[in-house]
Amino acid sequence: MRLNLRRSAHEVAPDLIGAELTFDGVGGVIVEVEAYDHEDPASHAFQNRRSARNASMFLGGGHAYVYRSHGIHWCLNIVCGDPGVANGVLIRALEPTHNLEAMIARRGLSDPRLLCSGPGRLCQALGITKDQDGWRIDRAPFRLRARKAPVEIVTGPRIGLSKAADVPWRYGLAGSRFVSRPFPSR
DNA sequence: CAGTGGATGCTCT
DNA sequence: GAGCATCCACTGT
């Protein structure tokens with residue numbers, strides 16, 4: 001499979017499940033994401049409204065959008081679609097596969113299930129901060145590799161939102177023990 | 001396991 | 001000044 005990040009976040013999001021993401025050789029397999037588009041009241045760039053924070057969401061598919069969450073954590077999006085239209089996929093959880101020692105050192109934990117199971121946790125584990133905002137996700141030191149085999153995908157409502165909390169734009173790898181929270185069984 | 005509250009800083013009104 | 005696309009520690013079953 002080939003990843004085309006110039007499509008909308010809703011098309012890209014399920015294709016990212018099972019893909020491999022690393023930064024400086026540290027990372028793993030994407031097991032949970034959420035899609036956000038410019039017509040989404042929960043998006044930082046609702047109605048394509050630009051701000052200092054969300055500028056990189058307008059750079060077009062293949063860039064990183066990193067923002068500060070709750071004053072403490074960093075969260076990583078993969079920007080999708082055409083330049084000028086704010087689309088992004090929040091990377092919520094990885095199954096760690098590459099350089100777990102570096103993750104353990106940064107996180108101060110060794111349980112593999114707690115290293116990258118959450119958007120803030122995975123940025124801490126990989127060493128991603130505001131410095132990476134606007135960088136290309138498909139070039140060094142990032143690396144993004146499409147999945148090689150079909151996967152089973154589950155969906156559900158997105159996490160932690162007060163607006164548009166009903167739409168099922170959260171995607172996960174079925175049966176993964178590394179998602180940040182269980183998906184609704186039905 | 002479920003629920004609660006604190007930490008903490010930036011964005012936008 | 002309010003509100004977070006979060007996480008962790010702590011409480012009570």
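Just so it is clear, the values below take in all heavy atoms, side chains as well, and ignore hydrogens, waters and symmetry mates. Chain naming here is simple, since letters A, B, ... match the order of the sequence lines and numbering starts at 1 in each.
Taking atom CD1 of residue A/Ile159 and atom P of nucleotide C/dC7, one finds them 10 Å apart after rounding to whole Å. For the pair A/Trp74 CH2 and C/dC4 P, the interatomic distance rounds to 19 Å; values are reported in whole Å. As a whole-Å value, the separation of A/Asn77 CG from C/dC4 P is 17 Å. A/Gln47 has its CD atom 14 Å from the P atom of B/dC12, to the nearest Å. In this structure, the CZ atom of A/Arg107 is 10 Å from the C1' atom of C/dC8, given to the nearest Å. Nucleotide B/dC10 holds its C1' atom 11 Å from the OH atom of A/Tyr65, rounded to whole Å. Computed from coordinates, the A/Asp133 CG to C/dA5 C1' distance equals 15 Å when rounded to whole Å. Atom CD of A/Gln124 is separated from atom P of B/dA7 by 19 Å (rounded to the nearest Å).
For A/His73 and C/dC7, the shortest distance from a side-chain N or O to OP1 or OP2 is not below 4.0 Å. Between A/Ser162 and C/dC4 there is a side-chain polar atom (N or O) within less than 4.0 angstrom of OP1 or OP2. Within the structure, every side-chain polar atom (N or O) of A/Arg68 is placed at least 4.0 Å from both OP1 and OP2 of C/dT6.
With sequence neighbours left out, A/Ala93 forms a side-chain contact (heavy atoms from CB on, under 4.5 Å) with A/Val31, A/Glu32.
The side chain of A/Ile72 sits closest to B/dT8 out of B/dC10, B/dT8, C/dC7. Nearest to the side chain of A/Arg49, among B/dG9, B/dT13, C/dT6, sits B/dT13. Among the nucleotides C/dC8, C/dA5, B/dC10, the one closest to any side-chain atom of A/Arg92 is C/dA5. Looking at the side chain of A/Leu161, the nearest of the listed nucleotides C/dC7, C/dA5, B/dT8 is C/dA5. Taking every side-chain heavy atom of A/Arg53 into account, B/dT11 is the closest of C/dT6, B/dT11, B/dC10. When distances are taken from the side chain of A/Tyr67 to each of C/dC4, C/dA5, C/dT6, the shortest belongs to C/dA5. Of the candidates B/dT11, C/dC8, B/dA7, B/dA7 carries the atom nearest the A/His70 side chain, counting heavy atoms from C-beta on. Closest to the side chain of A/Ser51, out of C/dC7, C/dA5, B/dT11, is B/dT11.
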Test side chain to side chain donor-acceptor pair (under 3.5 Å) on A/Arg107 and A/Gln124 and set out the steps. CA-CA 7 Å; A/Arg107 294 272 298 128; A/Gln124 185 184 19; 2.7 Å; yes
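Classification of the A/His44-A/Tyr65 ring pair by plane angle, with boundaries at 30° and 60°, yields perpendicular.
Where A/Lys163 and A/Leu114 meet DNA chain C, the nucleotide closest to each residue was compared, and A/Lys163 sits on the side nearer the 5' end.
Other residues, nucleotides and ligands contribute over 12 non-hydrogen atoms within 6.0 Å of the CZ atom of A/Arg136.
In this entry B/dT8 has no Watson-Crick or G-U wobble partner, no candidate having both defining distances under 3.5 Å. Judged by Watson-Crick or G-U wobble contacts below 3.5 Å, the nucleotide C/dA5 has no partner.
Annotation: side chain of A/Ile91 is in contact with side chain of A/Ile30 (closest heavy-atom distance under 4.5 Å). Counting heavy atoms from C-beta on, the side chains of A/His38 and A/Asn87 come closer than 4.5 Å.
Within the 4.0 angstrom heavy-atom criterion, no nucleotide atom of any strand lies near A/Arg181.
For the pair A/Tyr36 and C/dA5, the ring geometry qualifies as stacking, because the centroid separation is below 5.5 Å while the planes lie within an angle under 30°.
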